[in-house]
Amino acid sequence: MDIAIIGAGNVGRALATSFTRAGHSVVVTSHDPEDAGAVATATRARVATSNAEAAAGAAVVILATPFSSAQDIAAEVTDATRGKIVVDATNRMSFGAAGPEIDTSTSNAEELAVLLPDARVVKAFNTLFASNQSDPVSGGVQLDGFVAGDDADAKSTVLALVESIGLHPVDVGPLARSRQLEGMAFLNIAVNMAEGGAWTSGWKLVGAPAKVAVAA
Ligand SMILES: NC(=O)c1ccc[n+]([C@@H]2O[C@H](COP(=O)([O-])OP(=O)(O)OC[C@H]3O[C@@H](n4cnc5c(N)ncnc54)[C@H](OP(=O)(O)O)[C@@H]3O)[C@@H](O)[C@H]2O)c1
């Protein structure tokens, strides 16, 4: 699969590692071309000189940046992502008097779908820390890769991508389920922050109904 990863930080590097290991063709882009170059060199991916160039040559585009960059990036890749799959791997968190908070009245993925109305937005990879995006096993257990989306074909493709990197694919339903997926990630982050965790804990839905746990 031809995959563009926008963002060359923890997530960009981890997913580039997994995708190239699984035999996918990966191009990485970032604010700073040197960061993208370093990830590409380490993972046998390629570098694009702009987000639009990266998206133009890909079948699947992964958003692996802070969500605060989403509006600018959407403006850059609107044409290049028309009809394509855009995977939102981002998470949301703010900080209040009582510590970390999350607004679950909507989700980053749903906001991205509004920013890119002609793309097929799918939520995936966000519930896994970067450590487990590159290594799908935690505590000897194969972690789940939860996928939400409104376009059945796009979701099937992403479920297969999730499975290809060694995760157990789980279809959790429409894009609106991203609110809960972002909440799951928030909880895992909050627990690791509060307890000085090793950032390797992950989610596994045990005994899931067969239909949701089977990749296409
Ligand atoms: N870290 C995790 O374990 C984890 C797990 C799941 C999901 N997530 C989510 O995934 C996203 C990325 O997390 P991260 O930890 O990888 O963040 P990070 O290490 O800060 O990396 C973010 C990357 O995005 C790039 N970027 C920012 N704006 C950009 C733009 N307009 N165009 C191109 N590149 C841009 C940054 O470049 P510059 O540094 O040059 O700005 C940087 O390379 C976040 O939304 C986070 O919530 C993180």
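As the structure lists them, so they are numbered: ligands from 1, and atoms in each ligand from 1. What you are looking at is a predicted structure, and each value in this text was computed from that prediction instead of being measured.
Note on ligand 1: Ile73 sits in its first shell, one or more heavy atoms being nearer than 4.0 Å. Residue-ligand proximity: Gln133 is placed with a non-hydrogen atom under 4.0 Å from ligand 1.
Criterion: ILVMFWY side-chain heavy atoms under 4.5 Å apart, direct or through other members. Under it, Ile3 and Leu116 are not part of a common hydrophobic cluster. There is a path of hydrophobic side-chain contacts, each under 4.5 Å, that joins Met193 to Ile102.
In the vicinity of Ala89, heavy-atom distances shorter than 4.0 Å reach the ligand 1 atoms 7 (C), 8 (N), 9 (C), 10 (O). Atoms of ligand 1 found under 4.0 Å from any heavy atom of Leu128, numbered from 1 in the order shown, are 5 (C), 6 (C).
Of the protein's heavy atoms, Gly9 CA, 3.2 Å lies nearest to atom 21 (O) of ligand 1. Considering only non-hydrogen protein atoms, atom 22 (C) of ligand 1 sits nearest to Pro66 CD, 3.6 Å. Annotation: atom 41 (O) of ligand 1 to nearest protein heavy atom, His31 ND1, 2.7 Å. Of all protein heavy atoms, the one closest to atom 17 (O) of ligand 1 is Asn10 ND2, 4.4 Å. Protein heavy atom closest to atom 39 (O) of ligand 1, with residue, atom name and distance, is Asp35 OD2, 4.3 Å. When only non-hydrogen protein atoms are considered, atom 47 (O) of ligand 1 lies nearest to Asn91 N, 3.2 Å. When hydrogens are left out, the protein atom nearest atom 16 (O) of ligand 1 is Val11 N, 2.8 Å; that is the closest non-hydrogen contact. Of the protein's non-hydrogen atoms, the one nearest atom 32 (N) of ligand 1 is Asn51 ND2, 3.1 Å.
Side chain of Gln142 to backbone of Gly166: a donor-acceptor contact under 3.5 angstrom is found.
No hydrogens or angles considered: nothing links the side chains of Ser50 and Glu53 as a donor-acceptor pair under 3.5 Å. No side-chain donor-acceptor contact under 3.5 Å links Asp35 and Ser30. In the model, Arg92 has no side-chain atom that pairs as donor or acceptor with a side-chain atom of Thr104 under 3.5 Å.
Checked against a 3.5 angstrom limit, the closest N/O atoms of Thr65 and ligand 1 fall inside it. Here's the thing with Ser69: one of its N/O atoms is less than 3.5 angstrom from an N/O atom of ligand 1. Not one N or O of Ile6 is nearer than 3.5 Å to an N or O of ligand 1, by distance alone.
Atom 45 (O) of ligand 1 is approached by the protein to below 4.0 angstrom, counting heavy atoms only.
When each of Asn188, Val191, Ile189, Leu187 is tested with Ser201 by the rule side-chain contact (heavy atoms from CB on, under 4.5 Å), just one qualifies, namely Asn188. Of the listed residues (Leu181, Ile165, Asp88, Val147), just one forms a side-chain contact (heavy atoms from CB on, under 4.5 Å) with Phe125, and that residue is Ile165.
Residues Leu205 and Val172 form no side-chain contact, since every pair of their non-hydrogen atoms from C-beta on lies 4.5 Å or further apart. A 4.5 Å side-chain heavy-atom check between Lys123 and Ser107 finds every atom pair outside the cut-off.
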